[in-house]
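Working notes, beginning with the structure itself.
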Amino acid sequence: MNGALHDFLNTDLQFIKGVGPVLALRLSELLGGRRVLDFLLHIPRYVRPREISESILTAKSGEILTIPVQIISHKRGGTFRSGRRAPTQVVTRDKLGAELMLQFFGSSFLDAWLEKLPIGEWRIVSGRLEQGRGGATINHPDFIEKPENRAKIPEFQAIYPTSEGVTQRLMANVRDGIFAKLSDINIDAPNREFFDALRSIHYPTSNDDLAPANKNIMRLAYAELFAHQIAIACTRQRRKRGIAGRSVSGDGRHREKLYASLPFKLTAAQNAAITDIENDMARPEPMMRLIQGDVGSGKTIVALAAALNAAECKIQTAFMAPTDTLAQQHFAKIKPICDSIGIVCDILTGRDKGAAQKEKLTSIRSGRTQIVIGTHALFQEAVQYKDLGLVIIDEQHRFGVAQRAALTGKGDNPDLLALSATPIPRTLSMTIYGDMDITIIAEKPVGRMPIRTSTLANERIRALTARIASQIDAGAKVFWVCPLVTESEDMDFAAAESRYEWLKKYFDAGVIGLVHGQMDKKMRDAAMADFADANGKTKLLVATSVIEVGIDVPSATIMVIENAEKFGLSALHQLRGRVGRGSAQSFCVLLHGDNLTESGMKRLGVLVETDDGFLIAEQDLMMRGAGEMLGTKQSGWIPYHFVDYREHRDLFKLATRAALELTESDPALATAAATIARDLMFIFDREIKLEG
């Protein structure tokens with residue numbers, strides 16, 4: 001990439017005509033950066049056509065109408081007794097005499113609007129048409145231009161994601177200023193195709209131009225995947241070549257005691273995972289392995305075996321969980337086993353204060369504590385390890401890169417073992433976790449029975465309640481999950497708090513508990529602990545999806561999920577996995593709205609037919625796409641600009657193959673042929689330190 005192009009892409013947006021420092025700050029909050037490059041990677045989401053219409057009579061309510069009209073009269077809005085201001089109205093007529101009302105609410109800039117609409121003159125207006133009792137109306141037109149300035153109204157308007165204080169007009173002006181400058185820069189041939197495709201995306205003429213199958217979108221998506229895969233390949237090579245770790249290979253004495261103490265035999269998949277880990281730890285370079293296992297597949301025992309391998313070599317292990325509750329559960333499982341083997345295991349969370357905390361920190365620093373389980377407290381400055389050699393991170397997608405780096409930084413290039421119970425479609429694993437070696441535990445422990453899953457319409461909820469009451473009388477424990485904490489005017493979903501109150505009509509209040517993310521943490525932990533306690537009073541726990549990951553109550557055998565159609569399949573599978581963790585038969589009831597569509601019923605049918613989390617994740621991806629499946633902020637998934645996880649799956653393989661071929665022949669990306677790879681790594685912020 002030539003210097004002029006590189007410098008322009010790094011230019012601060014405040015220096016683009018019409019922007020300045022204030023708007024640049026607003027744009028940076030929207031774009032995640034304030035460079036020209038950050039804007040270029042922020043693409044439109046759809047196209048709004050604004051072709052000129054000749055008459056209102058052919059337009060439909062809800063459509064964008066762009067039409068020449070003559071201004072007939074102004075009527076300034078007064079003030080109602082309530083203090084609310086009536087809209088100012090401007091009456092206009094089109095060429096055929098049909099009337100169109102323009103309405104303006106509030107008093108801000110009102111005179112400026114009316115000056116643009118002098119009585120008797122013609123203007124072209126554009127905005128969303130509403131047809132009601134008052135006739136045809138446009139509220140606050142998007143454009144008002146003189147007929148001779150019709151070119152200022154785009155025939156096809158690219159609509160960008162925006163935020164407060166950032167308008168579509170601002171976005172268009174910034175775009176135009178950037179591409180005007182780009183046209184003056186001599187872009188070298190390898191990059192010209194990329195920037196030509198980028199221009200076409202920012203100036204679309206139909207929604208087809210922004211579709212995943214569009215040739216320009218696919219070209220940009222491939223470039224983005226290629227940049228990511230090049231960075232992954234270089235990282236893997238550097239890790240295996242240049243980072244000095246140490247060989248960790250114990251004598252097996254602790255692990256043999258572990259296996260002998262278990263009341264069950266490990267599955268073949270668990271044994272295979274342990275073998276992968278032991279082989280990694282024996283190598284001189286640091287391990288970076290991800291263990292993906294469906295809910296209830298036995299990842300914790302596999303992780304403990306790795307920790308005992310380290311302990312046999314007098315090396316410490318830090319086992320980090322995303323929540324206090326999950327850390328406490330791991331500790332409750334692992335501590336008794338460690339005690340029986342003769343290993344010192346402790347827990348460190350935000351709860352620890354004063355003398356108790358000081359004692360734990362001293363034990364960790366001295367090396368007496370060989371396995372420490374905890375939350376983010378494990379990487380706080382006060383925590384010092386004598387010899388941290390293994391870091392285990394549970395539900396690793398819940399932790400950011402900086403948090404993982406902070407914990408591994410407590411040791412001298414320790415081995416890293418990540419665990420995830422969130423199934424990722426197999427087609428995407430290399431893309432998401434390409435810098436890690438992956439082991440999948442696909443088997444369930446012996447004795448676990450499949451969860452019987454069924455769907456039920458909301459209208460039968462009272463009959464369901466009666467059935468649950470009889471099951472509770474027989475000793476069952478029940479999860480009842482709702483999508484919301486409190487009722488909302490905007491969403492007609494079940495709310496945990498109101499369902500809790502409703503259920504108290506049918507059950508003794510003493511047997512019902514409530515947990516959700518907005519509760520006081522101590523109250524939530526206490527409610528959860530009472531439900532988990534075999535002798536606890538709580539038999540029915542009403543909750544939100546706060547219980548989705550890691551909650552382990554083997555005695556719970558019934559899961560009810562309200563408004564199941566509002567959850568993604570993967571989320572439903574995770575929630576279902578909170579039951580079926582013991583030897584008793586478990587059940588899951590998916591309550592759905594009375595007007596469930598055929599496609600909605602088909603989605604829920606996937607849960608009824610299979611309990612394979614990876615297959616379910618694949619179906620979720622195919623039915624909804626990654627955007628809905630993951631949400632906009634789900635960590636652990638790459639926030640691509642152009643890539644569609646569902647539609648571009650074939651490009652993943654092509655980009656991975658091309659990246660491997662290039663890095664194998666030119667590890668340092670030093671040849672002229674690798675120039676485009678370096679440029680794309682810069683463009684997509686995948687630059688890493690390259691070594692020869």
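Atoms considered below: every heavy atom in the structure, side chains included; atoms not considered: hydrogens, waters and symmetry mates.
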Check: [X] side chain, [Y] main-chain N or O, donor-acceptor pair, under 3.5 Å:
| X | Y | answer |
| --- | --- | --- |
| S61 | Q131 | yes |
| D7 | A4 | no |
| H648 | D644 | yes |
| D612 | L615 | yes |
| S53 | S55 | no |
| R678 | L669 | yes |
| N207 | V47 | yes |
| D209 | T205 | yes |
| Q168 | Y160 | yes |

Can you tell me how far the [atom1] atom of [X] sits from the [atom2] atom of [Y], to the nearest 0.5 Å?
| X | Y | atom1 | atom2 | value |
| --- | --- | --- | --- | --- |
| L65 | E63 | CG | CD | 8.0 Å |
| T137 | R128 | OG1 | CZ | 14.0 Å |
| I561 | L607 | CD1 | CG | 7.5 Å |
| K653 | Q229 | NZ | CD | 13.0 Å |
| H74 | L102 | NE2 | CG | 9.0 Å |
| F226 | M681 | CZ | CE | 9.5 Å |

Report the relative orientation of the aromatic rings in H140 and F104; use parallel for angles under 30°, tilted for 30 to 60°, perpendicular for over 60°.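 Because their plane-to-plane angle is over 60°, the rings of H140 and F104 count as perpendicular.
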For L114, the option from V90, I71, I119 that meets side chain to side chain contact (heavy atoms under 4.5 Å, CB included): V90
What side-chain donor-acceptor pairs closer than 3.5 Å can you find for residues 180-200, not counting sequence neighbours?
unit_1, atom_1, unit_2, atom_2, d
S183, OG, A180, O, 2.6
D188, OD1, N191, ND2, 3.4
D188, OD2, N191, ND2, 3.0
N191, ND2, D679, OD2, 2.9
R192, NE, I187, O, 3.4
R192, NH2, I187, O, 3.1
E193, OE2, R219, NE, 3.2
R199, NH2, F179, O, 3.2
S200, OG, A197, O, 2.6
S200, OG, N216, ND2, 3.1

Distance-only side-chain donor-acceptor flag, Y203 / D176, under 3.5 Å: yes
Might you work through the side-chain contact (heavy atoms from CB on, under 4.5 Å) test for T544 and Q518, ending with a clear yes or no? CA-CA 10 Å; T544 58; Q518 295 178 18; over 6 Å; no
Which is it for V36 and N10 under the side-chain contact (heavy atoms from CB on, under 4.5 Å) test, yes or no, and what are the steps along the way? CA-CA 6 Å; V36 164; N10 271 327; over 6 Å; no
Can you give me the closest heavy-atom contact between [X] and [Y], atom names plus distance?
| X | Y | value |
| --- | --- | --- |
| L591 | E565 | O-OE1, 3.8 Å |
| V481 | S545 | CG1-N, 4.3 Å |
| A98 | I56 | O-CD1, 3.6 Å |
| V19 | A24 | CG1-N, 3.6 Å |
| A655 | L225 | CB-CB, 3.7 Å |
| F642 | E224 | N-OE1, 2.8 Å |

Does a side-chain heavy-atom distance below 4.5 Å link [X] with [Y]?
| X | Y | result |
| --- | --- | --- |
| P204 | F156 | no |
| L40 | H641 | no |
| T92 | Q70 | no |
| H42 | L30 | yes |
| S420 | L290 | yes |
| R603 | Q619 | no |
| V22 | L25 | no |
| T167 | T162 | no |

Criterion side chain to side chain donor-acceptor pair (under 3.5 Å) on R26 and S163, from CA distance to verdict: CA-CA 8 Å; R26 290 180 186 168; S163 58; over 6 Å; no
Kindly indicate, with the supporting measurements, whether the criterion side-chain contact (heavy atoms from CB on, under 4.5 Å) is fulfilled by I201 and L220. CA-CA 10 Å; I201 301 306; L220 296 170; 3.6 Å; yes
Lys/Arg-Asp/Glu bridge criterion (N-O < 4.0 Å) met for E54, K95: yes
Determine, stepwise, if the pair H228 / F684 fulfils ring-ring contact (aromatic ring centres under 6.0 Å, His included). CA-CA 8 Å; H228 182 63; F684 291 109; over 10 Å; no
Stepwise side-chain contact (heavy atoms from CB on, under 4.5 Å) check, L41 with L31: CA-CA 9 Å; L41 297 178; L31 308 175; over 6 Å; no
Identify each donor-acceptor pair in which a side-chain atom of residues 141-155 lies under 3.5 Å from a protein atom, sequence neighbours left out, and give them as a table.
unit_1, atom_1, unit_2, atom_2, d
D142, OD2, R50, NH1, 3.4
D142, OD2, R50, NH2, 2.8

Here the side-chain hydrogen bond (donor to acceptor under 3.5 Å, both in side chains) pairs for residues 11-22, sequence neighbours left out, are D12-R34
